[in-house]
Structure formats: structure tokens, C-alpha cells
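What follows is a short report on a single structure.
Reckoned from all heavy atoms, side chains included, excluding hydrogens, waters and symmetry mates. What you see is a predicted model, and the numbers here were worked out from it, not measured in a lab.
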Amino acid sequence: MWRFTTDPVRLLIIDARALAPFALWIAHMREWTFILAIIGVLFFSILAWLGLTLPVAVRMLRVILCGPVRPRLPSWKKRDYA
């Protein structure tokens, strides 16, 4: 009964979280919002295929752009790279 409770919810083969941009299209049905929703579904589907969530992907992008050093942290929270 509890076997698949941690699996992501899917609608056919697409992760249900990837369908969130269609809420924008349903609220405002125009051609540009439909195109934006399709791009959003493709983006979130690629992230799901890679096994990433949006917060993890944003953190990875921050590390790629800024590097692993976090200069604004106080000295007692800094990581020791030694």
C-alpha cells in the first residue's frame, strides 16, 4: 500500500510539477502564454529527466556562475576546505 508514496506524481509520462506552467495558460489563454507554457513544460521535463528539482537546479547554476566559495557567510559558518 505504501510502496510508491515517494515517487513523483506523473500524468502519463510527464511529471505533474512540470505541468504547472499550464495554470498560467488556463488563467490567461493567449498564444504567447501557450508558448510560454510549452517552454516551461519542456524545461521542467528536462529537469525531471535529469533527476533534479528546481531548487537543486538553481543551486547548481549558482555554483557554476559564482563558484563554491560563499564570501558573505560569517566566519563561524564558513566551510573548511583544508
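- Interatomic distance, CG of Leu61 versus CG of Leu65, reported as 4.5 Å (0.5 Å rounding).
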For residues 44-58, please give each side-chain donor-acceptor pair under 3.5 Å, one per line with the distance, not counting sequence neighbours.
| from | atom 1 | to | atom 2 | distance (Å) |
| --- | --- | --- | --- | --- |
| Ser45 | OG | Val41 | O | 2.7 |

Let me have the donor-acceptor pairs involving side chains of residues 19-34, under 3.5 Å, with sequence neighbours excluded, atom names and distances please.
| from | atom 1 | to | atom 2 | distance (Å) |
| --- | --- | --- | --- | --- |
| Thr33 | OG1 | His28 | O | 2.6 |
| Thr33 | OG1 | Arg30 | N | 3.1 |
| Thr33 | OG1 | Arg30 | O | 2.9 |

